[in-house]
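Protein chains get the first letters and strands the later ones, always in sequence-line order, with residue 1 at the start of each.
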Amino acid sequence: MSTDDASAPATPAATATAGKATPLAPHYDPHAAALRYYPEWEASGVFRADPHAPGEPYCIVIPPPNVTGNLHMGHALNNTLQDVLIRYKRMDGYNVLWLPGTDHAGIATQWVVERQLRAQGIERREMGREKFLECVWQWKDQSGGNIVRQLRRLGVSCDWSRERFTMDEGLSKAVRENFVRLYEEGLIYRATRLINWDPVGLTALSDLEVETEEGVQGEIWSFAYTLTELAGAAEGETAQEIVVATTRPETMLGDTAIAVHPDDTRYAHLIGRTVRHPFVDREIPIIGDAILVDPAFGSGAVKVTPAHDFNDHEVGIRHNLPMISIFTPDGKVNANGGAYAGLDRFEARARVKADLEALGLFRGRQDHVMTLPKSQRSGAVVEPMISTQWFMRMKPLATPAVGAVEHGFTTFWPDQWKNTYFAWLKDVKEWCISRQLWWGHRIPAWHCGSCQHVTVGRTDPTECAKCGSTDLGQDEDVLDTWFSSALWPFSTLGWPEKTADLAKYYPTAVLLTGFDIIFFWVARMMFMGLHHMGQVPFKDVYIHGLVRDEHGDKMSKTKGNVVDPVQTIDRVGVDAFRMTLTALAGLGRDILWSEKQVEAWSKFQNKIWNAYRFLHMHVAEKPAPAVPGPYDRWILARLGTCVRNVRAALDGYRFDLATAEIYQFTWYELCDWYLEFSKPALYGPDDGAQGEAKRAARHTLWTVFHALSRLIHPIAPFFGEELWRNLPGHEAPDSGAGTVMLAAYPRGDDFPEDPVALAEIARVQDAIIAVRRIRSEKNLSPKIGLTAFNGGALTAAFASQAAALRDLANVVVATGERPAQAAVVVVAGEELWIDLAGVLDTSKERERLTREIERLDKSIQFLEARLGNEAFVAKAPPHLLDKSRAELAGEIDKRASLRGALAAV
RNA sequence: UGGCACGUAGCUCAGUGGAAGAGCACCGCCUUGACACGGCGGUGGUCGCCGGUUCAAUCCCGGCCGUGCCAACCA
């Protein structure tokens, strides 16, 4: 497959850049690079994994996007970070597999197709199951390629030859195997329970698919039940009624008890008596229940509707109450509701209230802010209903999943997310896994028409396992989408077959995902992986934040602040896009997407490109090594530090720090200093000592870019490849010809530390900065050459750096007397007298020196206080003590110099 | 109500038990031979508040205030 040509912008033809291409195009063209390199990578097989190849395995399975979805910023972030890791590890010699795929997304997808059909006036139930499924498959085939094409635009290096779909043949087999095994083990069972029901979607939901809408304006409505006359009424009893309150008056049609607290003196004597239901022919007992009832709340009496409320349901079980369902699946009152039968839930509420009022039973109302349970998909108010469904027993599965994280087999990044994971698993409810949908994995259970026995099997049965009847019908329901997702880390590798992939790549290295699906997905993969594979599915779980807009608001269509990743890539190029995402991806932080940041990273890309053009101006082929000078040694040592920091950052999932590190090194050390330092040599003569310096500079420059192109490639893949391919002498056999994807990621050891060079360069930098500062303060043009005199020590120190001082600060350092008009600075403990004859403003110079001396005064005061503190001297670590003493001495010397200068001005 | 985060320069965020950092923004100066998508110099912070531990706290501990998220919720 190729990249998404249709949505790629028209760009100038890719620059022909093979071999020595000097000069380079003035700007890097990310679109041309992407169009050229992605198909080439894919065709060449570099994305493909081989379980038989050597190398320690490093595997990531993609969080599968909805097959019919479109790429949003969350996907972009998630997949960019995965690709950064995958490319880094691949270059580092691991046997890498990044396994891509998509999810059938049961409810979501069925919902979309249903809506499309409804728009054409077709109801799915009229068209029938088979035909409807054809339509869904058609929609899947038609739109299912979008997300995968869009992922390619991101530059992801997935092994597309292993692409999976949750409803493909292999995964369906895994789903069935899982169901059958757990059924045989007694971990999956069928039962009649109170479950969450979506009266619009007409399906059961798991707890997780129910979302609560907060702050809904409602009311608490109170009414009275009249006591039934009974023999044995207490002497002198006055209470003829008992008042209850509810936010849902219509549920009183299903009331089967009134509960009071057994110790409540107001009511205790009523326990055992009954009230008369005003609308249906039923006497309702008054019961005592200390768990449900808080005597201090409201009237202290609670109506109990065991068939439509989870707390009441528990009461019903405790007291063996009748459980009367009063609703039809689509949320209307059923025959148990007597005169109200046929009314919608909300109509019934109004009617019940009116009728209670008419009977004089209304006892008051008050406003009440409440939370409403709503279906994640349909948005309908969820109705607890008693229903026969399939369930998974969670306790035996959850316990090992908790243990695995407690014992460190799996680590959460950041660590605190394990609390969320534990909290859910330790109090996990049974998982309702059946859905009354058509799109999904159909439950492999057959109901016998004659003996009602349920036959579950790996192959479709032809007769009842119990009575042998052939009157069998397959269960109508499908499985929760997350049932198949839970198997993803091993089903995609071939489970239940014992494949080479499974043996090599399970457990996977890391899972990257958002916190919103820790329950839905991460926890379930954990317990399923442990159950079937005996090992955790991933060693690390990296939880990233949400991508928000620049104000920190959630992106939403209604707010109109949604950023489209594909459009952004079209505009700025995928490399800058990815650099921005990774730079913003701090651990445990949401990402505030900002156009300013994109701009900054685009500029950075341009900055590197220009430095790269500079390389090409001076280097035409791979340079031979030469003896490095101080500048060369310095930048190579700095590069080593950069490499070590980038690696440490990536190893700790600090994508932000890795990206920033490359930025800082490239801009502030390579471009601001090294390139300038190297110019005198590069523009100088070819012979003698200067010739050697020139050759060394060429080699160093090349070496730095040789490393930089590899260093940046995981983050900015096409850019890194473009730099790599166009390195002068790229085609030379020993220069790492071919794709950067297979080049070795730079190692810190390649560029050892060099304290001598570091100190030497720091000194000349100090001098340059000091002179520039004076120049800026005195408003002296850079064109005015300055002379800085000193006692001789600095002249000697800077003997070999005269060219740098001249080019970077337009200053000559010379031995001589202090001029009458001079600005004094201290470099490396030595006074440097910058000759300002004719331009020195003495009063301003006095101000400057005074300011500087004041600063030193404070510093000295601080250090003296510290060193005068006996406790500090006694308890502080020796190195700090030495450092403080040295600093104090230095500052005092410096102050003496400046005081002398001030007196002389 | 409980849990988990977060609170550092105007904005977005790094950071460490030893005298506060970056990007963007802002203010000067500069068309120097990679780059004006640039260069040089600079302004800017009681590190939310109050206590405690320590020779030393922005960092560790406790409390409070504010913000966000998650989970439970009172009929």
Exercise. For A:E250, which residues count as a salt bridge (charged side-chain N to carboxylate O under 4.0 Å, His left out) partner, sequence neighbours excluded?
Worked result: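 If we apply the salt bridge (charged side-chain N to carboxylate O under 4.0 Å, His left out) test to A:E250, skipping adjacent residues, the hits are A:R248, A:R349.
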
Exercise. Who passes salt bridge (charged side-chain N to carboxylate O under 4.0 Å, His left out) against A:E213, sequence neighbours left out?
Worked result: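 Partners of A:E213 under the salt bridge (charged side-chain N to carboxylate O under 4.0 Å, His left out) test: A:K374.
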
Distance in angstrom units between [X] [atom1] and [N] [atom2], rounded:
X      : N     : atom1 : atom2 : result
A:K418 : B:A5  : NZ    : C1'   : 15 Å
A:K303 : B:C74 : NZ    : P     : 13 Å
A:D427 : B:U1  : CG    : P     : 21 Å
A:Y267 : B:A75 : OH    : P     : 16 Å
A:K554 : B:G68 : NZ    : C1'   : 11 Å

Under 3.5 Å, which N/O atoms of the protein pair with N/O atoms of nucleotides 39-42 of chain B?
residue: B:G39; atom: OP1; partner: A:K607; partner atom: NZ; Å: 2.9
residue: B:G39; atom: OP1; partner: A:W667; partner atom: NE1; Å: 2.5
residue: B:C40; atom: O3'; partner: A:R772; partner atom: NH1; Å: 3.4
residue: B:G41; atom: O2'; partner: A:S776; partner atom: OG; Å: 3.2
residue: B:G42; atom: OP1; partner: A:R773; partner atom: NE; Å: 2.8

Exercise. Going by heavy atoms closer than 4.0 Å, what residues in residues 291-299 of chain A are next to RNA chain B?
Worked result: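 Nucleic-acid contacts, sorted: A:L292, A:V293, A:D294, A:F297.
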
For this session: List in numerical order all residues of residues 861-874 of chain A for which some heavy atom is under 4.0 Å away from an atom belonging to RNA chain B.
Result: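 A:F862, A:L863, A:R866, A:N869, A:A871, A:F872, in order of number.
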
Exercise. Per the atom types in the model, does the base of B:C73 pair as donor or acceptor with the side chain of A:T371 at under 3.5 Å?
Worked result: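 Counting by modelled atom types and ignoring angles, a donor-acceptor contact under 3.5 Å is found here.
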
For this session: Determine whether any donor atom in the side chain of A:T212 lies under 3.5 Å from an acceptor atom in the base of B:A72, or the reverse, and answer yes or no.
Result: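 Answer no: no donor N or O sits under 3.5 Å from an acceptor.
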
In terms of heavy-atom contacts, does [atom1] of [X] have more than 12 from other residues, nucleotides or ligands at under 6.0 Å?
X      : atom1 : value
A:R363 : CZ    : yes
A:Q416 : CD    : yes
A:Q217 : CD    : yes
A:K783 : NZ    : no

Problem set entry | Minimal non-hydrogen separation, A:L587 against A:R654, with atom names |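 Answer, listing the atom of A:L587 first, then A:R654: CB-CD, 3.9 Å.
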
Taking only the [atom1] atom of each, what is the distance from [N] to [M] in whole angstrom?
N     : M     : atom1 : answer
B:C70 : B:G51 : C1'   : 31 Å
B:C59 : B:U54 : C1'   : 13 Å
B:G10 : B:C26 : C1'   : 9 Å
B:C40 : B:A57 : C1'   : 37 Å
B:G23 : B:G44 : C1'   : 15 Å
B:A14 : B:G48 : P     : 14 Å
B:G38 : B:C24 : P     : 8 Å
B:G39 : B:A22 : P     : 15 Å

Could you tell me whether [X] contacts a base, only the sugar-phosphate backbone, or nothing, with contacts defined as non-hydrogen atoms closer than 4.0 Å?
X      : answer
A:S781 : nothing
A:A611 : base
A:P877 : base
A:E676 : base
A:T246 : sugar-phosphate

For this session: Answer with yes or no after comparing the ring centroid distance for A:W593 and A:F577 against a 6.0 Å cut-off, counting only values under it.
Result: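 Aromatic pair counts; centres sit under 6.0 Å.
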
For this session: Under the side chain to side chain contact (heavy atoms under 4.5 Å, CB included) rule, collect the residues that match up with A:T256, sequence neighbours excluded.
Result: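 Once residues adjacent in sequence are excluded, the partners of A:T256 under the side chain to side chain contact (heavy atoms under 4.5 Å, CB included) criterion are A:R282, A:P306, A:L321, A:P322, A:I324.
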
Exercise. Quick one: side chain to side chain contact (heavy atoms under 4.5 Å, CB included) partners of A:D549, sequence neighbours excluded?
Worked result: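 Expected list: A:H551, A:D553, A:N561.
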
Please list, for nucleotides 12-15 of chain B, all pairs of protein and nucleotide N/O atoms separated by less than 3.5 Å.
residue: B:C13; atom: O3'; partner: A:R589; partner atom: NE; Å: 3.3
residue: B:A14; atom: OP1; partner: A:R589; partner atom: NE; Å: 2.7
residue: B:A14; atom: OP2; partner: A:R589; partner atom: NE; Å: 2.8
residue: B:A14; atom: OP2; partner: A:R589; partner atom: NH2; Å: 2.7
residue: B:A14; atom: O3'; partner: A:R654; partner atom: NH2; Å: 3.3
residue: B:G15; atom: OP1; partner: A:R654; partner atom: NH1; Å: 2.6
residue: B:G15; atom: OP1; partner: A:R654; partner atom: NH2; Å: 3.3

Sequence neighbours excluded, which residues qualify as side-chain hydrogen bond (donor to acceptor under 3.5 Å, both in side chains) partners of [X]?
X      : answer
A:H368 : none
A:K303 : A:T251, A:D255, A:T305
A:Y28  : A:D575

Looking only at side chains, do [X] and [Y] share a donor and an acceptor under 3.5 Å apart?
X      : Y      : value
A:D289 : A:H319 : yes
A:E891 : A:S859 : yes
A:R613 : A:N610 : yes

Ignoring backbone atoms, test whether [X] places a side-chain nitrogen or oxygen under 4.0 Å from the OP1 or OP2 oxygen of [N].
X      : N     : value
A:K783 : B:U31 : yes
A:N311 : B:A75 : no
A:H368 : B:C74 : no

Exercise. Mapping A:D207 and A:A301 to their closest nucleotides on RNA chain B, which lands nearer the 5' end?
Worked result: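 Comparing both residues, the 5'-ward one is A:D207.
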
Problem set entry | 5' priority, RNA chain B, between A:H27 and A:Q664 [closest heavy atom] |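 Going by which nucleotide is closer to the 5' end, it is A:Q664.
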
For this session: Decide, yes or no, whether a salt bridge links A:K778 with A:E845 under the criterion of side-chain N to carboxylate O below 4.0 Å.
Result: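 Yes, A:K778 and A:E845 are salt-bridged.
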
Between [options], spot the one nearest the side chain of [X], thanks.
X      : options             : value
A:N419 : B:C4, B:C55, B:G33  : B:C4
A:Y668 : B:C4, B:C55, B:G23  : B:G23
A:F519 : B:C70, B:U54, B:A19 : B:C70

Problem set entry | Heavy-atom check, side chain of A:R638 versus side chain of A:W673, under 4.5 Å |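 Counting from C-beta outward, A:R638 and A:W673 never come under 4.5 Å.
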
Problem set entry | Residue pair A:L682 / A:L701, side-chain heavy-atom distance below 4.5 Å |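 With C-beta onward as the side chain, the pair touches.
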
Exercise. How would RNA chain B look in dot-bracket form, 5' to 3', counting Watson-Crick and G-U wobble pairs with both distances under 3.5 Å and writing | for bases paired to another strand?
Worked result: (((((((..((((....[..)))).(((((.......))))).....(((((..]....))))))))))))....

